[in-house]
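Okay, structure first, notes after.
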Amino acid sequence: MGIFMVVCLLSLFYSFFCIWKLILQRRDQCCYLLGYECYKATEDRKLGVEACVNIILRNRNLGLEEYRYLLKSMVNSGLGGETYGPKNIIAAREESPSLSDAISEMDDVFSSALDKLFAKTGVSPSDIDILVVNVSLFSPAPSLTARIINRYKMREDVKAFNLSGMGCSASIVAIDLVKHLFKTNKNAYAVVVSTESIGPNWYSGKEQPMMLTNCLYRSGGCSMLFTNKAALKDSALLKLKCILRTHLGSSNEAYGCSIQVEDDHGHRGFRLTKHIKAVATQALTINLQTLLPRILPLRELLRYAILTHPLYKTINGNIEAKKVRLNLKTGVDHFGIPPTERAVIDGIGKSLGLSDYDLEPARMALHRFGNTSTGGLWYVLGYMEAKKRLKEGDKILMISFGAGYECNSCVWEVMSNLEDENVWKDCIHSYPTKYTVNLLKEKCSWLNDERLSFVKFDDVKHNLQRQIL
């Protein structure tokens, strides 16, 4: 009997030990966002109507049809007249960018976003244990992470990672990397810097699927500070609840629908093919099929299962199961939709059953700052915070798409009421604006006249310059 008791006690002790170890592991795997800073360029880099027209007219490869396409894309993009462009494009050097242009563009983002981040959080660069930088279209040697380490004189044992080629979704990819690194790095600080190299990658050709990026992408970026220190829980803005990545790169169609290539005349650019809508829909569907059961309450999942069951449809013939959808708002309070272009935002909103209120942050971020690629979600988050929407306990769903083709998502929990006006400070009082149609629509509607097919393009350019400039 004595031996039996000893064995039982040892088994019980071992069980408690395993449970306690699991609790400690889960605690150490927490990922908290302590702060973030979105980059805002200087006023001399604003791309108003006049600047946009000038840039387009400088492209000597354009014909009337290409110009019409660009105009239509700009009018329908959802961008306003206060977005920012790279210095070399403002200076009319888009066809011959230099290495120094590319590095200068990165330095502007790094210095502004990181200086403000360290100042706001009170964390010193020497305290950083992990550094992740994601820039898809520019990967120099030494790496961009090395450039930041040199600038801020970070420690010799800092773990540095440089991500490239992953498109607009790289920000969530970087956060996923940090989350996994936190499993083996206790009580650590991690910094993520997300931006894109726009200036050296301006497309100067006339292939329509490649010209679209010139209409949408603008200068921007963000720096974020994360930790897994449980003691800093009360200082955190957000807590990462879950993160999920979906990659369709094994499909040739998905791999090639968003790709950097050269056109037939040697002009390098980013091509978005006609398959991208179908591929993005497939990636989003697969991603949400796995994510939603994790974040929605059981009652909502049961409701959906019952209403879509064939037996229920048979009994209630007047109800079509295909019209039934999951109510995401039962588990999510706010939606971080990527501010890529107006049609994409509207399409995602329709497929997810979101309201204008839900889509407002993405629409306004696109209008004010444009498509800032991987940094876009953080301008959306900044808008929510500046509008004082984020309350303690709220859940935020972020969705992003990237080359590969990828769809990545994550869910955050708000740790306290957030009210910082951040990068939106000087303009948040003007939003939301109902006037999201590009000003070019009013000034250049005459270009849609089919009779212009018989007009020389030089005459069209002269007429446009007279009206706009």
Task: Side chain proximity check, I90 to D44, heavy atoms < 4.5 angstrom - done: no
- [ ] Report yes if the distance between the aromatic ring centroids of F118 and Y152 is under 6.0 Å, otherwise no.
- [x] yes
TODO: Return the minimal non-hydrogen interatomic distance between F182 and N228, and the atom names on each side.
DONE: O-ND2, 3.2 Å
Open item on the list: To the nearest 0.5 Å, what is the distance between SG on C427 and NZ on K40?
Closed with: 6.0 Å
Task: N252, CG: over 12 other non-hydrogen atoms inside 6.0 angstrom - done: no
TODO: Establish, from distance only, whether the side-chain atoms of S104 and D101 form a donor-acceptor pair under 3.5 Å.
DONE: no
Open item on the list: So, taking the atom named CG in L70 and the one named SG in C215, what distance separates them when rounded to the nearest 0.5 Å?
Closed with: 4.5 Å
Open item on the list: Tell me if a side-chain donor or acceptor on S223 pairs with a main-chain N or O of A113 at a distance below 3.5 Å.
Closed with: yes
TODO: Provide the closest heavy-atom pair for P339 versus L366 in the form atom of the first, atom of the second, distance.
DONE: O-CD1, 3.3 Å
- [ ] Could you check if a side-chain atom of V414 sits within less than 4.5 angstrom of a side-chain atom of K391, using non-hydrogen atoms only?
- [x] no
- [ ] Any chance you could measure L117, atom CG, to I128, atom CD1, to the nearest 0.5 Å?
- [x] 7.5 Å
Task: Pairing of R363 and D346 as salt bridge, 4.0 angstrom limit - done: yes
Open item on the list: What I'd like to find out is whether the side chain of K241 reaches to under 4.5 Å of the side chain of I295, using heavy atoms alone.
Closed with: no
Task: More than 12 heavy atoms from other groups under 6.0 Å of NZ on K46 - done: yes
Open item on the list: What I'd like to find out is whether the side chain of Q208 reaches to under 4.5 Å of the side chain of S73, using heavy atoms alone.
Closed with: no
Open item on the list: Just by distance, no angles: are the side chains of N201 and Q260 close enough, under 3.5 Å, to form a donor-acceptor pair?
Closed with: yes
Open item on the list: Can you give me the closest heavy-atom contact between V123 and Y189, atom names plus distance?
Closed with: CG2-CE2, 3.9 Å
- [ ] Return the minimal non-hydrogen interatomic distance between A174 and V132, and the atom names on each side.
- [x] CB-CG1, 3.7 Å
TODO: Applying side chain to side chain contact (heavy atoms under 4.5 Å, CB included), run through E196 and S136 and close with a yes or a no.
DONE: CA-CA 6 Å; E196 189 53 275; S136 292; 3.0 Å; yes
Task: Mutual orientation of the aromatic rings belonging to F369 and Y379 [parallel < 30°, tilted 30-60°, perpendicular > 60°] - done: tilted
TODO: Using the side chain to side chain contact (heavy atoms under 4.5 Å, CB included) rule, take N422 and E385 through it: C-alpha gap first, then chi angles, then the decisive distance, then the call.
DONE: CA-CA 8 Å; N422 52 78; E385 183 176 3; 3.7 Å; yes
- [ ] Give a yes or no on whether a salt bridge exists between D107 and R147, defined as a side-chain N under 4.0 angstrom from a carboxylate O.
- [x] yes
Task: Distance, nearest 0.5 Å, that separates CG of L301 from CG of L296 - done: 5.5 Å
Task: Beyond-backbone contact of I337 with V380, side-chain heavy atoms, under 4.5 angstrom - done: no
Open item on the list: Can you confirm if the NZ or CZ of R389 lies within 45° of the ring axis of Y357 and under 6.0 Å from the centre of its six-membered ring?
Closed with: yes
Task: Point-to-point distance, once rounded to the nearest 0.5 Å, from CG of L33 to CG of L237 - done: 5.0 Å
TODO: Can you see which heavy atom on N408 is nearest to which on S169, and at what distance?
DONE: ND2-OG, 2.6 Å
Open item on the list: So that I can tick it off, tell me whether K87 and E105 are bridged by a salt bridge, with the cut-off set at under 4.0 angstrom between side-chain N and carboxylate O.
Closed with: no
- [ ] Compare all side-chain heavy atoms of C407 with those of I399 and state whether any distance is below 4.5 angstrom.
- [x] yes
Open item on the list: Looking at L248, is its backbone amide N or carbonyl O close enough to the side chain of S251 to form a donor-acceptor pair, meaning the two atoms are under 3.5 Å apart?
Closed with: no
Open item on the list: Testing the 3.5 Å rule here: is there a donor-acceptor pair between the side chains of Q282 and Y405?
Closed with: no
Open item on the list: For a quick check under 3.5 Å, do S194 and W378 share a side-chain donor-acceptor pair by atom type?
Closed with: no
Task: Exercise: identify the closest heavy-atom pair between P97 and G199 - done: CB-O, 4.3 Å
Task: Close side-chain approach of L390 and L381, heavy atoms under 4.5 Å - done: yes
Task: Criterion salt bridge (charged side-chain N to carboxylate O under 4.0 Å, His left out) on D129 and R155, from CA distance to verdict - done: CA-CA 8 Å; D129 304 285; R155 301 196 317 262; 2.7 Å; yes
Open item on the list: Out of the candidates Y383, Y431, Y84, only one should pair with R368 under the side-chain hydrogen bond (donor to acceptor under 3.5 Å, both in side chains) rule; please name it.
Closed with: Y84
Open item on the list: As a quick check of understanding, evaluate side chain to side chain contact (heavy atoms under 4.5 Å, CB included) for S171 and L377, giving each step before the final call.
Closed with: CA-CA 9 Å; S171 177; L377 286 174; 5.7 Å; no
Task: Side-chain donor or acceptor of T195 paired with backbone N/O of G220 under 3.5 Å - done: yes
TODO: Walk me through it: do W412 and I175 pass the test side chain to side chain contact (heavy atoms under 4.5 Å, CB included)?
DONE: CA-CA 12 Å; W412 302 92; I175 295 170; 3.9 Å; yes
Open item on the list: Strictly distance-based, threshold 3.5 Å: is any side-chain N or O of R271 a donor or acceptor partner for the main-chain N or O of G256?
Closed with: no
Open item on the list: Any heavy-atom pair between the side chains of L326 and E300 that's under 4.5 Å?
Closed with: yes
Task: Passing candidate, side-chain hydrogen bond (donor to acceptor under 3.5 Å, both in side chains) with D420, options K388, K425, K120 - done: K120
Open item on the list: Would you compute the distance between atom OG1 of T227 and atom CG of N187 and round it to the nearest 0.5 angstrom?
Closed with: 7.0 Å
